[in-house]
Number of protein chains: 2
Amino acid sequence: MKRVAIARGASWEARVSTGAMCARIFERHNETIRVRNPNIGVAKLARIIEATLRLGNRRGFHATSLRDLSKASGVSMGALYSYFDSKAALLSMILGEFMPTVTSILVDVSPEVRSDARRHLAWLIDTHVRLSEAMLPWFVFAFMEAKAFPRAERHIAVETEAQTEGIFADVIRRGVKDGVFAVSDADLAATLIKPLLQDWYLKRGKYRNRGTSIEAYVAAVTEMLAMGLGIQERAQTRVLAS
Amino acid sequence: MKRVAIARGASWEARVSTGAMCARIFERHNETIRVRNPNIGVAKLARIIEATLRLGNRRGFHATSLRDLSKASGVSMGALYSYFDSKAALLSMILGEFMPTVTSILVDVSPEVRSDARRHLAWLIDTHVRLSEAMLPWFVFAFMEAKAFPRAERHIAVETEAQTEGIFADVIRRGVKDGVFAVSDADLAATLIKPLLQDWYLKRGKYRNRGTSIEAYVAAVTEMLAMGLGIQERAQTRVLAS
DNA sequence: AAATTTTGAGCGAGCGCTCGATTTTTTCTG
DNA sequence: CAGAAAAAATCGAGCGCTCGCTCAAAATTT
């Protein structure tokens, strides 16, 4: 039993490396990407996407020109367009791979853990923090670009963010039903969780300076949430609005 | 005593109208604004800034061109430049008035309320939510533009955001000292508060659809925080990191 | 030698911004 | 208080520049 949970928990690490991400992007977009050879294509795509994340996280994707990107990635202007049809398509490529990847990993919980709302919540926190650590540039990029972007791409971003919040809201609702959490508005509670998780990757420097380990951070967030959600036999709070 | 508190609390409403904001901006920038007559200048500045907030909140300030702004405000390209030296200066004007205004209002608490950490926290929540309601476009604009912008302007934004968080952190620290709150990391707790307040103006539509009143929202946030901060005699949580 | 991949100068469009001409407002004068 | 003169404010076509994007030619791989 435990071995299954560990296998599940450990399995995502290989899937979220830049190489693995880019291999999937290359496959998924094989109709628009004009380069046929995967050995050439995946490697170059990785250079392009790495540079996009690096420059985008510094100045913002919008403010990054394709000439900058060409210089930083070492891929000529023309070659860039063998990998995407437009600048917006490049953004869509990145977000379109990143967001479903995160969601699929957060959804992939063992039935054993899932059966206990408190354990499930703790697992979600742990997994999310470790995932954001492993995919730091992607998380920062997605956060920075989620707003203020072409209606289509922006819609996906907002949608997926809502989905992630929904995963947390579901666990909380289940916990309330099972009597382990006492909280009136699960959606509001889920809204409260998100920034706690975001703090780890948005203020990475702060925690590095303080010498805070991942384990300590996860423990602190889990504990703070345990209080905030009024675990176990605490009284029910009043209902929001009505 | 109470009259003083009420007078303080009620007094900010006039200061945050677009007209009042623009009058102060006009005064503060009288060296760069080439229009001398305040009757003409303030009125036109208001049209410019209203249009900037409207377009900026829709597409993002960066993506809004000065030609769009000229059309939307009814002020010609040339005339715009009688009010600011550059597009960046326009942004700086807006953020430079907005952010100190918010801070000054949140700091202006009566000594009576201030003396009780729990009441002080409740007052801060109430005031912040009502303020964000009164200045909705400004809050949304500042939130959208805080990241991904010219180093100088961005610095002010980050700085002021930290300042607001600091106000909350101070109250929490005082509450811990007085034994009314039990929380290990006041900064982390303050980080937790911010998104709860932001939800009101960032997802205004959600709460409008639900028919949630300001009073109900403030009550829900206050209650949720009361639990999260472990008010009164609850046990101390473990310390983050070490 | 055929197919694939890369190259970068060049295109039109739209950007932030300017400035001489023009309109509007204020001040001066008989 | 009318009307001229001065001052203030507005106008928008146009400047130089950079942007996203293209394509014929060159380099590389098969």
Side-chain angles (χ1 to χ4, degrees), chain A residues 22 25-26 29-49 51-52 55-56 59-94 145 148-150 152-153, chain B residues 22 25-26 29-49 51-52 55-56 59-94 145 148-150 152-153:
Chain A
C22 291
I25 293 175
F26 183 80
H29 293 83
N30 77 82
E31 298 216 340
T32 52
I33 294 178
R34 270 193 285 272
V35 175
R36 305 313 320 160
N37 185 332
N39 295 322
I40 296 172
V42 172
K44 245 181 197 172
L45 192 59
R47 274 163 58 193
I48 294 170
I49 286 178
T52 305
L55 296 184
R59 289 173 263 178
F61 180 75
H62 210 119
T64 302
S65 78
L66 290 174
R67 281 168 183 80
D68 294 337
L69 183 57
S70 169
K71 244 174 238 167
S73 64
V75 176
S76 72
M77 286 289 294
L80 287 179
Y81 277 82
S82 295
Y83 292 87
F84 50 77
D85 291 339
S86 68
K87 198 186 174 190
L90 172 61
L91 177 73
S92 177
M93 254 182 189
I94 294 174
E145 308 309 332
F149 244 107
E153 280 73 22
Chain B
C22 291
I25 293 175
F26 184 80
H29 293 84
N30 76 83
E31 298 216 340
T32 52
I33 294 178
R34 270 193 285 273
V35 176
R36 306 311 319 159
N37 185 332
N39 294 322
I40 296 172
V42 172
K44 252 193 187 159
L45 192 59
R47 275 163 57 193
I48 293 170
I49 286 179
T52 305
L55 297 184
R59 289 174 265 178
F61 180 74
H62 210 120
T64 302
S65 78
L66 290 175
R67 281 168 184 80
D68 295 337
L69 183 57
S70 169
K71 244 174 237 166
S73 64
V75 176
S76 72
M77 287 290 292
L80 286 178
Y81 277 81
S82 295
Y83 293 88
F84 50 77
D85 290 340
S86 69
K87 198 186 173 190
L90 171 61
L91 177 73
S92 176
M93 254 183 188
I94 293 174
E145 307 310 331
F149 243 108
E153 280 73 23

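A, B, ... follow the sequence lines: proteins, then strands. Residue 1 opens every chain. Predicted, not measured: the structure shown is a model, and the values here were computed from it.
Listed pair Ser65(B) / dG14(C) fails the phosphate criterion, with no side-chain N or O lying under 4.0 Å from OP1 or OP2.
Here CG of Asn30(A) is found 5.5 Å from CZ of Arg36(A). Values are rounded to the nearest 0.5 Å. A distance of 9.5 Å separates OG1 of Thr52(B) from NZ of Lys87(B), quoted to the nearest 0.5 Å. Put simply, CD1 on Ile25(A) and CG on Leu45(A) are 6.0 Å apart, with the number rounded to the nearest 0.5 Å. Taken to the nearest 0.5 Å, the CG atom of Leu66(B) stands 8.0 Å off from the CG atom of Leu90(B). A distance of 7.5 Å separates OG in Ser65(A) from CE in Met77(A), rounded to the nearest 0.5 Å. From Phe26(A), atom CZ reaches atom CD1 of Ile49(A) across 11.5 Å, with rounding to the nearest 0.5 Å.
Residue order along DNA chain D, read from the 5' end via each residue's closest nucleotide, puts Lys44(B) first among Lys44(B) and Ile40(A).
Straight-line distance from the CZ atom of Arg36(A) to the C1' atom of dA2(C): 17 Å, rounded to whole Å. Nucleotide dT29(D) holds its P atom 10 Å from the CG atom of Asn37(A), rounded to whole Å. Taking atom CD1 of residue Ile33(A) and atom C1' of nucleotide dT5(C), one finds them 14 Å apart after rounding to whole Å. One can place CZ of Arg34(A) at 20 Å from P of dT28(D), the figure rounded to the nearest angstrom. Note: CG (Leu66(A)) to C1' (dG10(C)) measures 16 Å, nearest angstrom. Note: NE2 (His62(B)) to P (dG14(C)) measures 17 Å, nearest angstrom. Here dT4(C) presents its C1' atom at 16 Å from CG of Asn30(A), a figure rounded to the nearest Å. For the pair Lys87(B) NZ and dC17(D) P, the computed distance is 20 Å after rounding to whole Å.
At a cut-off of 3.5 angstrom, the base of dG16(C) holds at least one donor-acceptor pair with the side chain of Arg67(B).
Using a 4.0 Å cut-off on heavy atoms, the residues of residues 70-84 of chain B that approach DNA chain C are Met77(B), Gly78(B), Tyr81(B), listed by number.
Counting heavy atoms from C-beta outward, Lys44(A) and Val75(A) have side chains that approach closer than 4.5 Å.
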